[in-house]
Amino acid sequence: MTRPPISFEFFPSKTPEGTDKLRNTRRQLAQFKPEFFSVTFGAGGTTQDGTRNAVFEIQSEGHQAAPHLSCIGSTRATIAELLTSYREHGIRRIVALRGDIPSGMVDVGEFRYANELVAFIREQHGDWFHIEVAAYPEYHPQAQSAEADLRAFVGKVNAGADAAITQYFFNADAYFRFVDEVQSRGVTIPIVPGIMPIQNFSQLSRFSDMCGAEIPRWLKLRLASFGDDSASIRAFGLDFVTELSDRVLSQGAPGLHFYTLNAAGAVSTICQRLGF
Ligand SMILES: Cc1cc2nc3c(=O)[nH]c(=O)nc-3n(C[C@H](O)[C@H](O)[C@H](O)COP(=O)(O)OP(=O)(O)OC[C@H]3O[C@@H](n4cnc5c(N)ncnc54)[C@H](O)[C@@H]3O)c2cc1C
């Protein structure tokens with residue numbers, strides 16, 4: 001059986017030490033032969049140079065790099081310029097997002113939603129870019145309703161997305177239900193589960209509250225019961241996330257996208273345990 005495609009996500013570092021650490025992380029993860037490495041983008045372009053430099057470096061090392069591109073607060077001209085520069089550097093894949101609206105932002109710019117960015121990329125560059133969009137198996141936290149969010153997702157796909165990466169989840173059923181729902185509405189693109197390793201419980205709880213990813217009650221209580229014993233949290237997290245990854249793959253997920261948080265350790269262990 002051929003191994004499913006995998007990809008790894010980083011955020012751009014802000015310091016020279018962070019950049020070195022990231023290089024090292026990338027070197028370790030390259031052994032798993034990912035389809036691509038992606039690099040996040042701060043809403044409103046706050047990490048634009050960091051994202052650009054990181055993807056160009058990844059590309060120059062001979063890997064496929066995919067910049068994330070969030071459109072909120074941007075003009076068509078700035079997005080067009082960035083796309084042209086990516087194309088000139090041989091980038092073929094973009095993760096196209098609306099981005100989180102920074103608090104206090106008054107001018108949301110010339111794009112309101114990700115579907116408008118996807119349509120713009122297609123309009124400007126035809127099929128040059130392979131476009132990935134975000135999917136939310138437990139629904140986006142600002143969605144007016146589950147139904148509205150499903151419709152918005154289908155809208156992004158119809159605007160020209162080639163594939164989707166999900167927000168992380170710990171309920172595999174939410175993922176399968178989401179896939180069934182959108183497939184019944186005509187979506188045929190691959191919807192790749194985003195996999196988040198469990199390393200630090202309080203950080204994960206805070207983050208999950210913000211992005212609307214549910215930590216099931218049993219899992220929350222189990223993790224809380226380890227208290228400050230971070231080694232036990234990590235060991236339990238590795239078992240749980242490996243099992244979750246194995247389950248989604250064995251039930252038909254087309255690949256895995258790992259949120260690495262710029263560290264190779266947990267993700268490498270999960271990949272090794274999965275036999276990659
Ligand atoms: C894989 C992945 C990678 C990410 N990378 C980054 C990153 O690099 N940088 C970053 O800032 N954030 C990133 N995010 C977070 C993301 O930017 C936020 O979740 C953001 O709030 C929504 O972005 P989106 O592209 O999903 O938006 P959209 O698809 O535009 O959806 C946003 C909200 O608007 C609603 N909506 C969408 N279209 C319409 C419409 N036409 N009419 C009415 N309502 C609509 C949706 O239901 C949803 O509630 C990432 C998320 C994922 C899952």
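Predicted model only: the values in this text are computed from it and were never measured.
- The closest donor-acceptor contact from the side chain of E138 to the backbone of E214 lies under 3.5 Å.
- One hydrophobic cluster holds both M210 and I215 under the rule that ILVMFWY side chains link at heavy-atom gaps under 4.5 Å.
- Using a 4.5 Å cut-off on side-chain heavy atoms (C-beta onward), E132 and H257 make no contact.
- Under the 3.5 Å distance criterion, the side-chain polar atoms of R92 are matched with a main-chain donor or acceptor of W128.
- Considering CD1 of I94 and NE2 of H130, their distance stands at 11.5 Å, rounded to 0.5 Å.
- Y136 places none of its side-chain heavy atoms less than 4.5 Å from the side chain of C211.
- The backbone N or O of I79 lies less than 3.5 Å from no partner atom in the side chain of S74, so there is not a single donor-acceptor pair.
- A single hydrophobic cluster is not seen to contain both I189 and Y113; linkage of ILVMFWY side chains at heavy-atom distances under 4.5 Å, directly or through other members, places them apart.
- A donor and an acceptor atom, one from each side chain of R87 and T84, are nowhere located under 3.5 Å apart.
- For T166 (side chain) and Y168 (main-chain N/O), no donor-acceptor pair under 3.5 Å exists by modelled atom type.
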List the steps and the verdict of side-chain contact (heavy atoms from CB on, under 4.5 Å) for L69 and C71.
CA-CA 6 Å; L69 179 55; C71 58; over 6 Å; no
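- K156 places a side-chain N or O within donor-acceptor distance of the main-chain N or O of A134, the cut-off being under 3.5 Å.
- A donor and an acceptor atom, one from each side chain of T40 and H68, are nowhere located under 3.5 Å apart.
- When atom types are taken as modelled, the side chain of E116 and the backbone of F111 share no donor-acceptor pair closer than 3.5 angstrom.
- Listed for the T242 side chain is no donor-acceptor partner under 3.5 Å among the backbone atoms of I270.
- Here CD1 of I58 is found 6.0 Å from CZ of F10. Values are rounded to the nearest 0.5 Å.
- Side-chain contact between T51 and Y86: present, with at least one pair of heavy atoms (C-beta onward) separated by less than 4.5 Å.
- Under the 4.5 Å side-chain criterion, counting only non-hydrogen atoms from C-beta, F32 is in contact with S268.
- Counting non-hydrogen atoms of other residues, nucleotides and ligands closer than 6.0 Å to CG of D180 gives a total above 12.
- If you take CD1 on I195 and CG on L274, they are separated by 9.0 Å, rounding to the nearest 0.5 Å.
- Counting non-hydrogen atoms of other residues, nucleotides and ligands closer than 6.0 Å to CD of Q144 gives a total of 12 or fewer.
- For CZ of R177, the number of neighbouring non-hydrogen atoms (other residues, nucleotides, ligands) closer than 6.0 Å is 12 at most.
- Hydrophobic cluster membership differs between I6 and V192, with clusters built from Ile, Leu, Val, Met, Phe, Trp and Tyr side chains linked at under 4.5 angstrom.
- Pairing each heavy atom of Q64 with each of E35, the nearest pair is CB-O, 3.4 Å.
- Electrostatic pairing of E17 and K21 does not count as a salt bridge here, judged by no charged N lying under 4.0 Å from a carboxylate O.
- Checked against a 6.0 Å centroid threshold, the rings of F226 and F236 count as neighbours.
- Across all non-hydrogen atoms, the minimal contact from A96 to I121 is CB-CD1, 4.0 Å.
- Side chains of L83 and F120 form a contact here, defined as non-hydrogen atoms less than 4.5 Å apart.
- Between the side chain of E9 and the backbone N or O of S38, no donor-acceptor pair lies under 3.5 Å.
- With rounding to the nearest 0.5 angstrom, the CZ atom of R206 is 7.5 Å from the CG atom of N200.
- Side chains of L204 and F207 form no contact here, defined as non-hydrogen atoms less than 4.5 Å apart.
- The two residues T25 and A264 come nearest to each other via the heavy atoms CG2-N, 3.6 Å.
- In this structure, P5 and P254 approach most closely via the heavy-atom pair CD-O, 3.3 Å.
- Residues A266 and L238 share a closest heavy-atom pair of O-CD2, 3.7 Å.
- Residues R23 and E57 have side chains in contact (heavy-atom distance under 4.5 Å, counting atoms from C-beta outward).
- Heavy atoms of other residues, nucleotides or ligands lying less than 6.0 angstrom from CZ of R185 number more than 12.
- At most 12 non-hydrogen atoms from other residues, nucleotides or ligands lie less than 6.0 angstrom from CD of E81.
- Panel note: side chain D149, backbone H140; a donor-acceptor pair is recorded below 3.5 Å.
- In terms of modelled atom types and a separation under 3.5 Å, the side chain of R122 and the main chain of F129 share a donor-acceptor contact.
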Does the pair V248 and F169 meet the rule for a side-chain contact (heavy atoms from CB on, under 4.5 Å), with working shown?
CA-CA 11 Å; V248 291; F169 55 85; 4.1 Å; yes
Evaluate the criterion side-chain contact (heavy atoms from CB on, under 4.5 Å) for residue pair R52 and D49; output intermediate values, then yes/no.
CA-CA 5 Å; R52 201 157 39 174; D49 288 346; 3.6 Å; yes
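- By the 4.5 Å heavy-atom criterion applied to side chains, Y259 and Q167 are counted as neighbours.
- In this structure, OG1 on T269 lies 10.5 Å from CZ on R234, to the nearest 0.5 angstrom.
- The shortest heavy-atom contact between G42 and S70 is O-OG, 3.9 Å.
- For the atom pair OG of S230 and CZ of F201, the computed distance is 13.5 Å after rounding to the nearest 0.5 Å.
- Placement of F170 and L256 within a single hydrophobic cluster is found when ILVMFWY residues are connected by side-chain heavy-atom separations under 4.5 Å, directly or transitively.
- Cluster membership check: V157 shares its hydrophobic cluster with F178, using side-chain heavy-atom separations under 4.5 Å among Ile, Leu, Val, Met, Phe, Trp and Tyr.
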Derivation and outcome, side-chain contact (heavy atoms from CB on, under 4.5 Å), residues L223 and F240:
CA-CA 11 Å; L223 291 169; F240 174 75; over 6 Å; no
